[in-house]
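Numbers for residues simply follow the sequence, beginning at 1. Note that ligands are numbered from 1 as they come in the structure, with each ligand's atoms numbered from 1 the same way.
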Amino acid sequence: MGPEQVWGARWANCAHPLAHEYMKIACKKRSLVVLAADLPTIGEIVEVISKVGSRICVLKTHIDMVEDFSTNGWSDLVDAARREDVLLFEDRKFADIGRVAQTQMGGHYNIASWADIVTSHSVSGPDVVDGIAAAWEGIERVGGVLLLAQMSSSENLLDNKYSHRTIGMGSASPHVIGYIGNGSSPDSLASLREMVGEGKMIWTPGINIDVEKGVLGQRYGHPTDAVRAGSDAVIVGSGIHGAEDPLAAATEYAEASWISLLER
Ligand code: 6AU
């Protein structure tokens, strides 16, 4: 089954090539899983890609969390992801003025050169997205931005009004492929879906089949509930990389998310 049948209007209305690329990979792998690879070394991330690559569509990184970063080591990681047909997503959560965001896409980690997708806050206004896009354009690459419209952490400040204004900002930008929504709350997700309409995607962190497992204010919801409420991608970290058998866990999240999408 192709993305046109599965996503229907959302496929047709999401004009961005990265949104289409994601949906095509999801259909091929029958999975909406984005792996949050919050691991301390490049070797551990490469190992988890080799284990679960066939069941995940996207690898989400926090490059500044990696203890043994080197340009060569990272290019091995990028090659491993490409071999498995996995998109690369740096969860940088940009939040500065446009010029600084553009510069931060380069620098030591050179995010623009390898990331297909990045996250950004909307708090500083629309120029942050233009700065990110200018960095990709400068090296003739195309990438997509996900704006944080909601968060999964307890007592965060992203209220309904903030989400609404974020969506106003995102819908005016060709570089924004969608929004981060709160996977731990199906009700908030459903209202976000209503605000967003069909033109952009919603990707959801705060996902764990064991909803009681959150630490340090993290809150979790079940992948089935998130997809039913309108999520297009489930971002799963410890639920997969912390599992005894990461491939079995990735398969469980892939199947739960995919079946829920087909039933929606
Ligand atoms: O599944 P976990 O709790 O092990 O990991 C959750 C991952 C982390 C967070 O940085 C990220 O999801 N995250 C995000 C984003 C943008 O992905 C936003 C948010 O509100 N909450 C959240 O946990 O890598």
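Applying the side-chain hydrogen bond (donor to acceptor under 3.5 Å, both in side chains) test to every pair with at least one member in residues 149-159, sequence neighbours left out, gives these pairs: Ser152-Gln218. Sorted by first then second residue, the salt bridge (Lys or Arg N to Asp or Glu O under 4.0 Å) pairs that include residues 92-115, not counting sequence neighbours, are Asp91-Lys93.
Scanning for salt bridge (Lys or Arg N to Asp or Glu O under 4.0 Å) contacts around Lys29 gives an empty result, with sequence neighbours left out.
Tyr22 contributes a side-chain N or O that, together with a main-chain N or O of Asp232, makes up a donor-acceptor pair within less than 3.5 Å.
Between Leu59 and the options Val34, Leu77, Leu87, a side chain to side chain contact (heavy atoms under 4.5 Å, CB included) holds for only Leu77.
Phe89 and Trp203 have perpendicular rings, their planes meeting at more than 60° on a 0 to 90° scale where under 30° would count as parallel.
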Ligand 1: protein N/O within less than 3.5 Å of ligand N/O:
residue  : atom   : partner : partner atom : Å
ligand 1 : 1 (O)  : Gly237  : N            : 2.9
ligand 1 : 3 (O)  : Gln218  : NE2          : 3.0
ligand 1 : 3 (O)  : Tyr220  : OH           : 2.6
ligand 1 : 4 (O)  : Ser238  : N            : 2.8
ligand 1 : 4 (O)  : Ser238  : OG           : 2.8
ligand 1 : 10 (O) : His62   : NE2          : 2.9
ligand 1 : 10 (O) : Asp91   : OD2          : 3.3
ligand 1 : 10 (O) : Lys93   : NZ           : 3.4
ligand 1 : 17 (O) : Asp91   : OD2          : 3.2
ligand 1 : 20 (O) : Ser152  : N            : 2.8
ligand 1 : 21 (N) : Ser152  : OG           : 2.7
ligand 1 : 23 (O) : Gln218  : NE2          : 2.8
ligand 1 : 24 (O) : Asp38   : OD1          : 3.4
ligand 1 : 24 (O) : Asp38   : OD2          : 2.7
ligand 1 : 24 (O) : Lys60   : NZ           : 2.7
ligand 1 : 24 (O) : His62   : NE2          : 3.2

